[in-house]
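For reference, the structure discussed in these notes is given below.
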Number of protein chains: 2
Amino acid sequence: MARTRRPRIFDRDEALLQAMMLFWEQGYEATSLLQLRADMGNISAASFYAAFESKEALFKEAVEQYMGTFGRVTESLADLTLTPREAIETTLRRTAKMQTDSDHPNGCLIVLSASTCSSKNNHIREIVAEKRKQIRSHLHDCIQRAIDVGEIPSSIDVSMLTTVFDTFMHGISTQARDGVPFATIDRAITEVMGIWELFKHSA
Amino acid sequence: MARTRRPRIFDRDEALLQAMMLFWEQGYEATSLLQLRADMGNISAASFYAAFESKEALFKEAVEQYMGTFGRVTESLADLTLTPREAIETTLRRTAKMQTDSDHPNGCLIVLSASTCSSKNNHIREIVAEKRKQIRSHLHDCIQRAIDVGEIPSSIDVSMLTTVFDTFMHGISTQARDGVPFATIDRAITEVMGIWELFKHSA
DNA sequence: TAACTTCTGGATCGATTAGTATATAATTAA
DNA sequence: TTAATTATATACTAATCGATCCAGAAGTTA
(Lines give C-alpha, C1' and ligand atoms only; values in the text may rest on other atoms or scores of the structure.)
Protein backbone atom coordinates (compact mmCIF):
# COMPACT_ATOMS: atom_id res chain seq x y z
CA MET A 1 0.00 0.00 0.00
CA ALA A 2 1.44 3.34 -1.07
CA ARG A 3 2.13 5.76 1.73
CA THR A 4 0.43 9.09 1.54
CA ARG A 5 2.84 12.00 1.53
CA ARG A 6 3.85 15.27 0.05
CA PRO A 7 6.44 14.50 -2.61
CA ARG A 8 10.06 15.52 -2.03
CA ILE A 9 10.99 18.55 -4.09
CA PHE A 10 14.60 17.49 -4.70
CA ASP A 11 16.23 14.38 -6.12
CA ARG A 12 17.69 12.47 -3.20
CA ASP A 13 20.22 10.56 -5.31
CA GLU A 14 21.40 13.71 -7.02
CA ALA A 15 21.68 15.47 -3.65
CA LEU A 16 23.73 12.59 -2.27
CA LEU A 17 26.01 12.75 -5.29
CA GLN A 18 26.66 16.44 -4.74
CA ALA A 19 27.30 15.84 -1.05
CA MET A 20 29.81 13.15 -1.95
CA MET A 21 31.58 15.58 -4.26
CA LEU A 22 31.84 18.17 -1.50
CA PHE A 23 33.17 15.70 1.07
CA TRP A 24 35.61 14.46 -1.56
CA GLU A 25 36.85 17.97 -2.28
CA GLN A 26 36.95 19.44 1.21
CA GLY A 27 36.83 16.57 3.66
CA TYR A 28 34.28 15.83 6.37
CA GLU A 29 34.89 18.55 8.92
CA ALA A 30 35.63 21.35 6.49
CA THR A 31 32.32 20.85 4.73
CA SER A 32 29.54 22.79 6.45
CA LEU A 33 25.84 22.02 6.47
CA LEU A 34 25.20 25.41 4.86
CA GLN A 35 27.41 24.56 1.90
CA LEU A 36 26.08 21.02 1.70
CA ARG A 37 22.48 22.19 1.58
CA ALA A 38 23.32 24.78 -1.05
CA ASP A 39 25.03 22.26 -3.33
CA MET A 40 22.40 19.62 -2.68
CA GLY A 41 19.82 21.80 -4.38
CA ASN A 42 19.27 24.67 -2.00
CA ILE A 43 17.32 22.46 0.32
CA SER A 44 16.19 23.68 3.72
CA ALA A 45 17.62 22.46 7.01
CA ALA A 46 14.38 20.63 7.78
CA SER A 47 14.44 18.84 4.43
CA PHE A 48 18.05 17.90 4.94
CA TYR A 49 17.55 16.30 8.33
CA ALA A 50 14.33 14.62 7.24
CA ALA A 51 16.09 12.99 4.30
CA PHE A 52 19.57 12.32 5.68
CA GLU A 53 19.26 12.30 9.47
CA SER A 54 22.58 14.02 10.25
CA LYS A 55 25.86 15.17 8.76
CA GLU A 56 27.55 12.02 9.99
CA ALA A 57 24.88 9.73 8.52
CA LEU A 58 25.16 11.59 5.22
CA PHE A 59 28.92 11.13 5.23
CA LYS A 60 28.57 7.39 5.80
CA GLU A 61 26.13 7.25 2.91
CA ALA A 62 28.46 9.32 0.72
CA VAL A 63 31.32 6.94 1.51
CA GLU A 64 29.18 3.98 0.47
CA GLN A 65 28.14 5.85 -2.66
CA TYR A 66 31.81 6.45 -3.46
CA MET A 67 32.73 2.82 -2.85
CA GLY A 68 29.95 1.70 -5.14
CA THR A 69 30.96 4.00 -8.00
CA PHE A 70 34.37 5.67 -8.27
CA GLY A 71 35.85 3.43 -5.59
CA ARG A 72 35.15 0.31 -7.65
CA VAL A 73 38.48 0.77 -9.41
CA THR A 74 39.98 -1.46 -6.71
CA GLU A 75 37.60 -4.31 -7.44
CA SER A 76 40.08 -5.67 -9.96
CA LEU A 77 42.01 -6.93 -6.95
CA ALA A 78 39.43 -9.64 -6.45
CA ASP A 79 39.02 -10.44 -10.14
CA LEU A 80 40.06 -14.09 -10.41
CA THR A 81 40.01 -13.98 -14.20
CA LEU A 82 43.18 -11.89 -13.98
CA THR A 83 46.54 -13.12 -12.85
CA PRO A 84 47.53 -11.56 -9.50
CA ARG A 85 50.05 -9.37 -11.24
CA GLU A 86 47.46 -8.20 -13.76
CA ALA A 87 44.98 -7.60 -10.96
CA ILE A 88 47.36 -5.31 -9.10
CA GLU A 89 48.56 -3.52 -12.20
CA THR A 90 45.01 -2.96 -13.43
CA THR A 91 43.96 -1.65 -10.02
CA LEU A 92 46.84 0.80 -9.89
CA ARG A 93 46.24 2.11 -13.40
CA ARG A 94 42.49 2.43 -12.93
CA THR A 95 43.10 4.16 -9.60
CA ALA A 96 45.47 6.66 -11.16
CA LYS A 97 43.12 7.26 -14.08
CA MET A 98 40.10 7.81 -11.87
CA GLN A 99 41.88 10.06 -9.37
CA THR A 100 43.25 12.39 -12.03
CA ASP A 101 39.96 12.71 -13.89
CA SER A 102 38.90 16.35 -14.12
CA ASP A 103 35.19 15.54 -13.80
CA HIS A 104 35.47 15.34 -10.03
CA PRO A 105 37.86 16.20 -7.17
CA ASN A 106 41.32 14.69 -7.56
CA GLY A 107 42.70 12.03 -5.29
CA CYS A 108 40.76 9.47 -3.27
CA LEU A 109 37.89 10.35 -0.95
CA ILE A 110 38.76 7.43 1.34
CA VAL A 111 42.34 8.63 1.77
CA LEU A 112 41.76 12.38 1.86
CA SER A 113 38.39 13.23 3.39
CA ALA A 114 39.24 12.33 6.98
CA SER A 115 43.00 11.88 7.11
CA THR A 116 43.04 14.20 10.10
CA CYS A 117 40.21 15.47 12.28
CA SER A 118 39.56 16.85 15.74
CA SER A 119 39.71 14.33 18.58
CA LYS A 120 35.95 14.41 19.08
CA ASN A 121 35.53 13.13 15.51
CA ASN A 122 37.91 10.20 15.59
CA HIS A 123 34.99 7.89 14.85
CA ILE A 124 34.66 9.65 11.48
CA ARG A 125 38.27 8.85 10.70
CA GLU A 126 37.50 5.25 11.59
CA ILE A 127 34.81 5.08 8.90
CA VAL A 128 37.30 5.61 6.09
CA ALA A 129 40.15 3.83 7.86
CA GLU A 130 37.97 0.71 7.86
CA LYS A 131 37.55 0.97 4.08
CA ARG A 132 41.31 1.27 3.66
CA LYS A 133 41.69 -1.81 5.82
CA GLN A 134 39.36 -3.74 3.55
CA ILE A 135 41.23 -2.71 0.42
CA ARG A 136 44.51 -3.67 2.06
CA SER A 137 42.98 -7.01 2.87
CA HIS A 138 42.01 -7.57 -0.77
CA LEU A 139 45.54 -6.64 -1.80
CA HIS A 140 46.89 -9.10 0.73
CA ASP A 141 44.66 -11.87 -0.61
CA CYS A 142 45.73 -11.09 -4.16
CA ILE A 143 49.40 -11.43 -3.27
CA GLN A 144 48.75 -14.61 -1.31
CA ARG A 145 47.08 -15.94 -4.45
CA ALA A 146 50.22 -15.08 -6.43
CA ILE A 147 52.15 -17.35 -4.10
CA ASP A 148 49.52 -20.07 -4.20
CA VAL A 149 49.56 -20.23 -7.98
CA GLY A 150 53.35 -20.13 -8.06
CA GLU A 151 53.60 -16.70 -9.66
CA ILE A 152 56.02 -15.54 -6.98
CA PRO A 153 58.10 -17.61 -4.57
CA SER A 154 56.52 -18.66 -1.27
CA SER A 155 59.48 -17.13 0.54
CA ILE A 156 58.05 -13.69 -0.16
CA ASP A 157 56.77 -11.80 2.89
CA VAL A 158 53.13 -11.16 2.02
CA SER A 159 52.69 -8.26 4.45
CA MET A 160 55.81 -6.61 3.10
CA LEU A 161 54.69 -6.85 -0.51
CA THR A 162 51.16 -5.77 0.42
CA THR A 163 52.72 -2.69 2.00
CA VAL A 164 54.70 -1.93 -1.15
CA PHE A 165 51.60 -1.63 -3.30
CA ASP A 166 49.30 -0.25 -0.60
CA THR A 167 51.75 2.55 0.15
CA PHE A 168 52.13 3.40 -3.51
CA MET A 169 48.39 3.32 -4.07
CA HIS A 170 47.71 5.71 -1.19
CA GLY A 171 50.46 7.99 -2.40
CA ILE A 172 48.64 8.46 -5.67
CA SER A 173 46.06 10.62 -3.87
CA THR A 174 48.60 13.26 -2.96
CA GLN A 175 50.15 13.16 -6.42
CA ALA A 176 46.74 13.66 -8.00
CA ARG A 177 45.93 16.53 -5.63
CA ASP A 178 49.26 18.12 -6.39
CA GLY A 179 48.47 18.08 -10.08
CA VAL A 180 50.80 15.36 -11.33
CA PRO A 181 49.32 14.29 -14.69
CA PHE A 182 47.95 10.79 -15.27
CA ALA A 183 50.54 9.97 -17.91
CA THR A 184 53.38 10.49 -15.45
CA ILE A 185 51.78 8.40 -12.74
CA ASP A 186 50.94 5.73 -15.29
CA ARG A 187 54.56 5.46 -16.36
CA ALA A 188 55.59 5.31 -12.70
CA ILE A 189 53.20 2.38 -12.27
CA THR A 190 54.96 0.53 -15.10
CA GLU A 191 58.22 1.00 -13.23
CA VAL A 192 56.76 -0.12 -9.90
CA MET A 193 55.27 -3.23 -11.47
CA GLY A 194 58.80 -4.06 -12.55
CA ILE A 195 59.29 -5.16 -8.96
CA TRP A 196 57.52 -8.32 -9.99
CA GLU A 197 60.44 -9.18 -12.30
CA LEU A 198 62.84 -9.07 -9.37
CA PHE A 199 61.30 -12.19 -7.91
CA LYS A 200 62.41 -14.18 -10.93
CA HIS A 201 66.00 -13.19 -10.29
CA SER A 202 65.75 -13.80 -6.56
CA ALA A 203 63.91 -17.11 -6.77
CA MET B 1 69.56 48.66 24.66
CA ALA B 2 67.21 46.26 26.39
CA ARG B 3 63.54 47.00 25.98
CA THR B 4 61.53 47.44 29.12
CA ARG B 5 58.66 44.99 29.47
CA ARG B 6 56.72 42.60 31.62
CA PRO B 7 58.21 39.14 31.10
CA ARG B 8 56.22 36.49 29.25
CA ILE B 9 54.87 33.88 31.66
CA PHE B 10 55.10 30.96 29.17
CA ASP B 11 57.91 29.53 27.05
CA ARG B 12 57.24 30.60 23.46
CA ASP B 13 59.33 27.80 21.95
CA GLU B 14 57.62 25.17 24.04
CA ALA B 15 54.21 26.63 23.17
CA LEU B 16 55.09 26.51 19.46
CA LEU B 17 56.19 22.89 19.82
CA GLN B 18 52.88 21.92 21.39
CA ALA B 19 50.98 23.81 18.67
CA MET B 20 52.95 21.93 16.03
CA MET B 21 52.02 18.63 17.69
CA LEU B 22 48.34 19.55 17.65
CA PHE B 23 48.37 20.62 13.99
CA TRP B 24 50.26 17.42 13.20
CA GLU B 25 47.68 15.27 14.96
CA GLN B 26 44.47 17.00 13.93
CA GLY B 27 45.25 19.20 10.96
CA TYR B 28 44.85 22.95 10.60
CA GLU B 29 41.11 23.44 10.53
CA ALA B 30 40.22 20.79 13.07
CA THR B 31 42.48 22.37 15.67
CA SER B 32 40.66 25.12 17.57
CA LEU B 33 42.15 28.13 19.29
CA LEU B 34 40.70 26.91 22.59
CA GLN B 35 42.54 23.61 22.34
CA LEU B 36 45.70 25.28 21.09
CA ARG B 37 45.77 27.72 24.00
CA ALA B 38 45.16 24.91 26.47
CA ASP B 39 48.00 22.76 25.13
CA MET B 40 50.30 25.75 24.73
CA GLY B 41 50.31 26.23 28.49
CA ASN B 42 46.83 27.47 29.31
CA ILE B 43 47.64 30.84 27.87
CA SER B 44 44.98 33.51 27.49
CA ALA B 45 43.58 34.64 24.18
CA ALA B 46 45.28 38.00 24.60
CA SER B 47 48.65 36.35 25.23
CA PHE B 48 48.18 34.08 22.24
CA TYR B 49 47.49 36.86 19.78
CA ALA B 50 50.23 39.04 21.25
CA ALA B 51 52.79 36.28 20.77
CA PHE B 52 51.61 34.56 17.57
CA GLU B 53 49.44 37.10 15.72
CA SER B 54 46.84 34.65 14.36
CA LYS B 55 46.05 30.98 13.90
CA GLU B 56 47.32 31.13 10.34
CA ALA B 57 50.60 32.79 11.32
CA LEU B 58 51.05 30.18 14.05
CA PHE B 59 50.48 27.39 11.53
CA LYS B 60 53.09 28.81 9.18
CA GLU B 61 55.53 28.97 12.07
CA ALA B 62 54.63 25.41 13.09
CA VAL B 63 55.28 24.21 9.54
CA GLU B 64 58.70 25.85 9.57
CA GLN B 65 59.38 24.36 12.99
CA TYR B 66 58.47 20.93 11.58
CA MET B 67 60.65 21.38 8.52
CA GLY B 68 63.58 22.36 10.72
CA THR B 69 63.24 19.35 13.03
CA PHE B 70 61.27 16.22 12.16
CA GLY B 71 61.04 17.20 8.50
CA ARG B 72 64.81 17.15 8.13
CA VAL B 73 64.67 13.44 7.35
CA THR B 74 64.40 14.41 3.68
CA GLU B 75 67.62 16.40 3.76
CA SER B 76 69.51 13.26 2.79
CA LEU B 77 68.22 13.88 -0.72
CA ALA B 78 70.66 16.75 -1.09
CA ASP B 79 73.56 14.99 0.63
CA LEU B 80 76.25 14.83 -2.06
CA THR B 81 78.42 12.53 0.05
CA LEU B 82 75.89 9.80 -0.67
CA THR B 83 75.31 8.17 -4.02
CA PRO B 84 71.87 9.10 -5.45
CA ARG B 85 70.59 5.64 -4.67
CA GLU B 86 71.86 5.85 -1.09
CA ALA B 87 70.35 9.32 -0.74
CA ILE B 88 66.90 8.13 -1.74
CA GLU B 89 67.06 4.95 0.28
CA THR B 90 68.26 6.81 3.36
CA THR B 91 65.50 9.38 2.97
CA LEU B 92 62.81 6.73 2.68
CA ARG B 93 64.07 4.78 5.70
CA ARG B 94 64.47 7.86 7.85
CA THR B 95 61.03 9.05 6.76
CA ALA B 96 59.43 5.75 7.72
CA LYS B 97 61.29 5.65 11.02
CA MET B 98 60.32 9.18 11.96
CA GLN B 99 56.69 8.84 10.94
CA THR B 100 56.13 5.67 12.95
CA ASP B 101 57.82 7.00 16.10
CA SER B 102 55.42 6.89 19.05
CA ASP B 103 56.79 10.09 20.58
CA HIS B 104 54.64 12.20 18.30
CA PRO B 105 51.70 11.92 15.88
CA ASN B 106 52.22 9.37 13.13
CA GLY B 107 52.56 10.27 9.49
CA CYS B 108 53.82 13.54 8.02
CA LEU B 109 52.49 16.95 9.00
CA ILE B 110 53.13 18.28 5.51
CA VAL B 111 51.07 15.55 3.90
CA LEU B 112 48.28 15.24 6.47
CA SER B 113 47.59 18.57 8.17
CA ALA B 114 45.93 20.27 5.20
CA SER B 115 45.27 17.55 2.64
CA THR B 116 41.72 18.85 2.41
CA CYS B 117 40.15 22.06 3.70
CA SER B 118 37.21 24.35 3.10
CA SER B 119 37.41 26.50 -0.02
CA LYS B 120 38.01 29.67 1.99
CA ASN B 121 41.19 28.11 3.37
CA ASN B 122 42.79 26.98 0.13
CA HIS B 123 45.73 29.27 0.86
CA ILE B 124 46.46 27.10 3.90
CA ARG B 125 46.63 24.03 1.69
CA GLU B 126 49.05 25.94 -0.50
CA ILE B 127 51.45 26.40 2.42
CA VAL B 128 52.07 22.67 2.76
CA ALA B 129 51.67 21.95 -0.95
CA GLU B 130 54.61 24.29 -1.55
CA LYS B 131 56.74 22.27 0.87
CA ARG B 132 55.84 19.08 -0.95
CA LYS B 133 56.82 20.76 -4.20
CA GLN B 134 60.23 21.59 -2.78
CA ILE B 135 60.82 18.03 -1.61
CA ARG B 136 59.76 16.71 -5.00
CA SER B 137 62.24 19.12 -6.55
CA HIS B 138 65.05 17.76 -4.38
CA LEU B 139 64.06 14.24 -5.36
CA HIS B 140 64.10 15.28 -9.00
CA ASP B 141 67.58 16.77 -8.65
CA CYS B 142 68.82 13.63 -6.93
CA ILE B 143 67.63 11.43 -9.77
CA GLN B 144 69.08 13.79 -12.35
CA ARG B 145 72.37 13.46 -10.50
CA ALA B 146 72.08 9.67 -10.78
CA ILE B 147 71.96 10.09 -14.53
CA ASP B 148 74.77 12.63 -14.56
CA VAL B 149 77.13 10.32 -12.69
CA GLY B 150 76.11 7.35 -14.80
CA GLU B 151 74.38 5.46 -12.03
CA ILE B 152 71.29 4.99 -14.18
CA PRO B 153 70.92 5.28 -17.96
CA SER B 154 70.19 8.71 -19.42
CA SER B 155 67.20 7.21 -21.19
CA ILE B 156 65.34 7.15 -17.89
CA ASP B 157 62.41 9.58 -17.62
CA VAL B 158 63.36 11.71 -14.63
CA SER B 159 59.80 12.89 -13.90
CA MET B 160 58.55 9.34 -14.03
CA LEU B 161 61.15 8.06 -11.59
CA THR B 162 60.67 11.08 -9.34
CA THR B 163 56.99 10.18 -9.24
CA VAL B 164 57.78 6.60 -8.28
CA PHE B 165 59.59 7.59 -5.12
CA ASP B 166 57.53 10.70 -4.35
CA THR B 167 54.32 8.67 -4.52
CA PHE B 168 55.74 5.97 -2.28
CA MET B 169 57.08 8.53 0.19
CA HIS B 170 53.72 10.27 0.52
CA GLY B 171 51.98 6.94 0.90
CA ILE B 172 54.02 6.25 4.01
CA SER B 173 51.96 8.85 5.88
CA THR B 174 48.76 6.88 5.49
CA GLN B 175 50.50 3.63 6.35
CA ALA B 176 51.90 5.17 9.52
CA ARG B 177 48.50 6.60 10.46
CA ASP B 178 46.90 3.23 9.88
CA GLY B 179 49.31 1.60 12.28
CA VAL B 180 51.55 -0.34 9.91
CA PRO B 181 54.73 -1.01 11.93
CA PHE B 182 58.08 0.45 10.93
CA ALA B 183 59.63 -2.96 10.31
CA THR B 184 57.07 -3.75 7.63
CA ILE B 185 57.46 -0.42 5.87
CA ASP B 186 61.22 -0.75 6.10
CA ARG B 187 61.16 -4.12 4.37
CA ALA B 188 58.84 -2.66 1.73
CA ILE B 189 61.43 0.06 1.12
CA THR B 190 64.06 -2.60 0.47
CA GLU B 191 61.77 -4.06 -2.16
CA VAL B 192 61.04 -0.68 -3.75
CA MET B 193 64.73 0.17 -3.92
CA GLY B 194 65.11 -3.00 -5.93
CA ILE B 195 63.71 -0.96 -8.80
CA TRP B 196 67.19 0.46 -9.09
CA GLU B 197 68.48 -2.98 -10.13
CA LEU B 198 66.05 -3.09 -13.02
CA PHE B 199 67.97 -0.35 -14.80
CA LYS B 200 71.01 -2.58 -15.04
CA HIS B 201 68.99 -5.17 -16.88
CA SER B 202 67.30 -2.61 -19.11
CA ALA B 203 70.45 -0.63 -19.92
C1' DT C 1 -14.51 17.67 0.64
C1' DA C 2 -12.28 16.02 4.87
C1' DA C 3 -8.81 13.48 7.18
C1' DC C 4 -4.24 12.16 7.14
C1' DT C 5 0.65 12.15 6.15
C1' DT C 6 4.88 14.09 4.69
C1' DC C 7 7.71 17.79 3.30
C1' DT C 8 9.18 22.70 3.33
C1' DG C 9 10.42 27.56 4.76
C1' DG C 10 11.90 30.24 8.32
C1' DA C 11 13.04 31.21 12.81
C1' DT C 12 15.81 29.74 16.23
C1' DC C 13 18.56 26.81 19.45
C1' DG C 14 22.91 26.53 22.44
C1' DA C 15 27.62 25.81 21.49
C1' DT C 16 31.71 27.06 19.38
C1' DT C 17 34.51 29.62 16.03
C1' DA C 18 38.55 33.13 15.47
C1' DG C 19 39.61 37.32 17.15
C1' DT C 20 39.36 41.96 20.05
C1' DA C 21 38.75 45.61 23.86
C1' DT C 22 39.83 47.06 28.22
C1' DA C 23 41.68 47.44 32.49
C1' DT C 24 45.34 45.96 35.33
C1' DA C 25 49.69 43.60 36.72
C1' DA C 26 54.65 43.25 36.20
C1' DT C 27 58.75 44.70 34.69
C1' DT C 28 62.78 48.28 33.50
C1' DA C 29 64.76 52.86 32.78
C1' DA C 30 65.15 57.34 34.38
C1' DT D 1 59.52 57.02 42.98
C1' DT D 2 57.67 57.75 38.46
C1' DA D 3 57.02 57.05 33.63
C1' DA D 4 57.04 53.95 29.94
C1' DT D 5 56.32 49.50 28.15
C1' DT D 6 54.63 44.91 27.70
C1' DA D 7 51.89 40.86 29.24
C1' DT D 8 48.13 39.38 31.58
C1' DA D 9 43.11 38.05 32.80
C1' DT D 10 38.46 38.78 31.86
C1' DA D 11 34.78 39.87 29.23
C1' DC D 12 33.15 40.28 24.91
C1' DT D 13 32.33 40.53 19.76
C1' DA D 14 30.07 38.94 15.31
C1' DA D 15 29.86 34.89 12.72
C1' DT D 16 29.19 30.21 12.11
C1' DC D 17 28.60 25.49 13.66
C1' DG D 18 25.21 21.31 13.56
C1' DA D 19 20.69 20.63 14.74
C1' DT D 20 15.66 21.45 16.14
C1' DC D 21 10.95 23.36 16.27
C1' DC D 22 6.74 24.78 14.35
C1' DA D 23 3.35 26.45 11.24
C1' DG D 24 1.74 25.71 6.93
C1' DA D 25 2.02 23.86 2.14
C1' DA D 26 1.35 19.82 -0.84
C1' DG D 27 0.20 15.67 -1.73
C1' DT D 28 -2.92 10.93 -1.14
C1' DT D 29 -6.76 8.28 0.55
C1' DA D 30 -11.42 7.85 2.15
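Quick note on labels: first sequence line is chain A, next is B, and so on, each numbered from 1.
In this model, the phosphate group of D:dA7 is approached by a side-chain N or O of B:Arg8 to a distance below 4.0 Å at OP1 or OP2. Using a 4.0 Å cut-off, some side-chain N or O of A:Ser44 falls inside it from OP1 or OP2 of C:dG9. Between A:Ser47 and C:dC7 there is no side-chain N or O to OP1 or OP2 distance below 4.0 Å.
The backbone N or O of A:Ile110 sits nowhere less than 3.5 Å from a side-chain atom of A:Ser113 that would complete a donor-acceptor pair.
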Would you list the atom pairs, donor with acceptor, under 3.5 Å between side chains in residues 163-173 of chain B and any protein atom, with sequence neighbours excluded?
| unit_1 | atom_1 | unit_2 | atom_2 | d |
| --- | --- | --- | --- | --- |
| B:Thr163 | OG1 | B:Arg136 | NH2 | 2.8 |
| B:Thr163 | OG1 | B:Ser159 | O | 2.7 |
| B:Asp166 | OD2 | A:Gln175 | NE2 | 2.9 |
| B:Asp166 | OD2 | B:Arg136 | NH1 | 3.0 |
| B:Thr167 | OG1 | B:Thr163 | O | 2.6 |
| B:His170 | ND1 | A:Gln175 | NE2 | 3.3 |
| B:His170 | ND1 | B:Asp166 | O | 3.4 |
| B:Ser173 | OG | B:Gln99 | OE1 | 3.3 |
| B:Ser173 | OG | B:Cys108 | N | 3.1 |

Scan the side chains in residues 41-52 of chain B for donor-acceptor partners under 3.5 Å anywhere in the protein, sequence neighbours excluded, and list what turns up.
| unit_1 | atom_1 | unit_2 | atom_2 | d |
| --- | --- | --- | --- | --- |
| B:Ser44 | OG | B:Ser47 | N | 3.1 |
| B:Ser44 | OG | B:Ser47 | OG | 2.9 |

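Residues that satisfy the side-chain hydrogen bond (donor to acceptor under 3.5 Å, both in side chains) test with A:Thr91, not counting sequence neighbours, are absent from this structure.
The side-chain tip of B:Arg8 points at the ring of B:Phe10 from less than 6.0 angstrom away and within 45° of straight on.
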Could you pull out the protein-nucleic contacts involving nucleotides 11-17 of chain C (nitrogen or oxygen on both sides, under 3.5 Å)?
| unit_1 | atom_1 | unit_2 | atom_2 | d |
| --- | --- | --- | --- | --- |
| C:dT17 | OP1 | B:Ser32 | OG | 3.4 |

Can you check salt bridge (Lys or Arg N to Asp or Glu O under 4.0 Å) on B:Asp178 and A:Lys133, steps first, answer last?
CA-CA 8 Å; B:Asp178 286 348; A:Lys133 197 174 164 186; over 6 Å; no
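Taken residue by residue, residues 17-25 of chain B places no heavy atom nearer than 4.0 Å to DNA chain D.
With DNA chain D read from its 5' end, the first of the two nearest nucleotides for B:Phe10 and A:Ser54 is the one closest to B:Phe10.
Not a single donor-acceptor pair, N or O on each side, falls under 3.5 Å between the base of D:dA26 and the side chain of A:Arg6.
The salt bridge (charged side-chain N to carboxylate O under 4.0 Å, His left out) pairs that include a residue from residues 17-38 of chain B are A:Arg125-B:Glu25, where partners are two or more places apart or lie in different chains.
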